[in-house]
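Some notes on the structure that comes next.
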Amino acid sequence: MQHGFTEQEWMEFSEGAMGASSRSRLEAHLAVCAECAAKLDAIRVWHQRLSTEGERLRVAMELPEIDRERMLAQSLERIAAEYPSAERRGPAEALAALRALLGPVFGAGMIRAAVDAALERGAPGGINAASWSAFAAELREMIQPACGLAAGFLALRAAMSLAVADR
Amino acid sequence: MGKRPAVAMLWTGYALTAVWAMSIRVALGFYPLGEPRPFLLRPFAFSVGLIVANAVTLFFAWKVRGDAPPRTRARTAWLLIAISAAAEIVRYGLLRAAASRLGAPSPGSVPLFPLSAAAGLIATALLLIAFGALWSAFRPLGLGRLGVAHWIGIAAIVATIPVLLKLPAQGAQALGALAPARLPLIVRLQQFDPVLIAGCAIAGIFLVRTGKDAGRGPLAAGFRCVGLFGLVRMAALVVPLIPVSGIQWIEVPATGAGIASDWLITLAVYYRWRLTIESRELTARLAPD
C-alpha cells in the first residue's frame, strides 16, 4: 500500500485495466506526488520488460526443441534477473511476472481471466504473502477444468516458484 | 516432431484431401457414376485421406481426454470428439466397402450406404455436443461472450436452415441409382444433417470468440480451426444455392474444402495437445533443482 493505493491498483493502472473512477483518483494523485509518479514509471518499465520476455517465450514455443530449450532457459533467467529483489517484491509484481510467464502458453486473456477469478475466490480480502498459496491453489482450480491437468499443474508450479513478500 | 512441421503436415493433408475431392467431383462429368475410371478418381478413393485424418484425431483426442480432470465438461468433450472420429472412420470404411461392391450382383452392399450415413450423422451430432461442452468449460472464466457481430452471424446461419432442410431430398434425387439403397429412416434422419452442420457453425462462432478472448497461443489456434470447420461445412452447403451465374466454379472448391474439413478438427485437437506438451515443458523448467 502506498499513499492509499494497493499494489493491485498500481498494476491495474499500469495495464490500463483500472475502472474510470479509481483511475481519475489515481491520476489526480500522480499530478501532485513525485514519489508515486516515479513508482509508476518503474512499474511500467518493469512491466514492459516482462512483456518482452513473455513474447520471447511465445516465440520460443514455435522453435525446434533444442532452440526452444535454450530460449526458455534464457527467458526464465532474464525474468529472474529483472525481478525485484526479495525485500522489494510485492504480490502485484508477482502477479505481473506470473502473467508474463504463463501468457505465452495459455494466452494473455485466458491468464488474466483465470488470475482475476482466482483472486476473487482465493484472496477476497486482497492479495498478500499469506493469501498467495490460497490464490495459487485457486488458480490451478480455475485453469484445470478448461485446459487440463498439465496446464493446472504448470499454473500452480509457476505461482509457487514466485516467493512473495508483503510490501 | 516439432510443432511447426506437424502443423504443416496436417494442413498439407487437408489441402491434398480437398484437391482429391475436387478432382473426383470434376471427374463425375467425364465418368458417370458406375462407369469404370482410374483408381484415384473412384468416388470414394479420397476417403483414405479422411480415414487418416480421423485416426490422428482419435489418437490425440484420447490423449487430451486423459489430461482433462475426471467429471469435467472438457473431459466429456474430448471423449465425444474421440468417439466422433471413430464413427467417421467407420463411416468412410463402410463407404469404401459399399463403393467396391457397387454394380456387383450381390445385394449385400445395400445396407452399407445407410449404415455409413447413420455413422456420419452420429459423428456430426457428437461433434456438436462436444463443441458445446468445450465452450461451457471456459464459460466460468467469463470467456466467449458474444458481441453484436457474432449474433448477426448466428442469425444469418439460422436464416439459412429452412432452405438447407430441403437439401437432402434434392440429394436423394441426384443419387439416382443409389437412392434405393437408402432406408427411409436414414433419409428422414439425414434431413437433420444440415441442421447439425449449422449447429456446428454456430458453436464455431462461440469457440472462435472464446479463443479471441483467451489471446494468442495454441488454445486460440485450435478454436480458430473449429470456427473454420463450421464455416467451410456451411459454405459447402450454401454456395450451390446461390443463384449467380458461374457459381459452379466456386462450388467445386467449396465442396472439396467442406468434404476434407475433418482435417480441421484434427488440427484443433493437435493444437490442444500442444498446450499439454508446452505446459509440461515449462513445468519441468520451473521444477526446483
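Each chain gets a letter, A, B and so on, in the order its sequence line appears, and its residues count up from 1. The shown structure was predicted, so the numbers you read here are calculated from the model rather than taken from an experiment.
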Tell me every residue that passes salt bridge (Lys or Arg N to Asp or Glu O under 4.0 Å) with B:Arg209, counting only those two or more places apart in sequence or in another chain. B:Asp213
Which atoms of B:Ala220 approach chain A - backbone, side chain, both or neither, heavy atom under 4.5 Å: neither
Taking atom CZ of A:Arg121 as the centre, report whether more than 12 heavy atoms of other residues, nucleotides or ligands fall under 6.0 Å from it. no
Minimal non-hydrogen separation, A:Ala113 against B:Leu141, with atom names: CB-O, 3.4 Å
Quick check on the structure: residues of residues 72-82 of chain B within a heavy-atom distance below 4.5 Å of chain A, by number. B:Thr72, B:Ala74
Do other residues, nucleotides or ligands put more than 12 heavy atoms under 6.0 Å from A:Glu120 CD? no
B:Leu282 side, atom CG; A:Phe106 side, atom CZ - distance, nearest 0.5 Å: 8.5 Å
Kindly say whether A:Leu154 contributes a backbone atom to a donor-acceptor pair with the side chain of B:Arg280 at under 3.5 angstrom? no
Heavy atoms only: give me the nearest A:Leu149-B:Pro69 pair and the separation to one decimal. CD2-CG, 3.9 Å
Determine which pairs satisfy ring pair (Phe, Tyr, Trp, His ring centres under 6.0 Å) with at least one residue from residues 112-137 of chain A, sequence neighbours left out, and list them in order. A:Trp132-A:Phe135
Closest non-hydrogen atoms of B:Ala137 and A:Pro145, given as atom of the first, atom of the second and distance, are CB-O, 4.3 Å
Using side chain to side chain contact (heavy atoms under 4.5 Å, CB included) as the criterion, list what pairs up with A:Leu26, not counting sequence neighbours. A:Phe5, A:Trp10, A:Phe13, A:Met18, A:Leu30
Heavy-atom closest pair, residues A:Cys147 and B:Asp67: O-OD2, 3.8 Å
Which heavy atom in B:Ser279 sits nearest to a heavy atom in A:Val105, and how many Å separate them? OG-CG1, 4.0 Å
Side chain / backbone / both / neither for A:Ala117 at chain B, heavy atoms under 4.5 Å: side chain
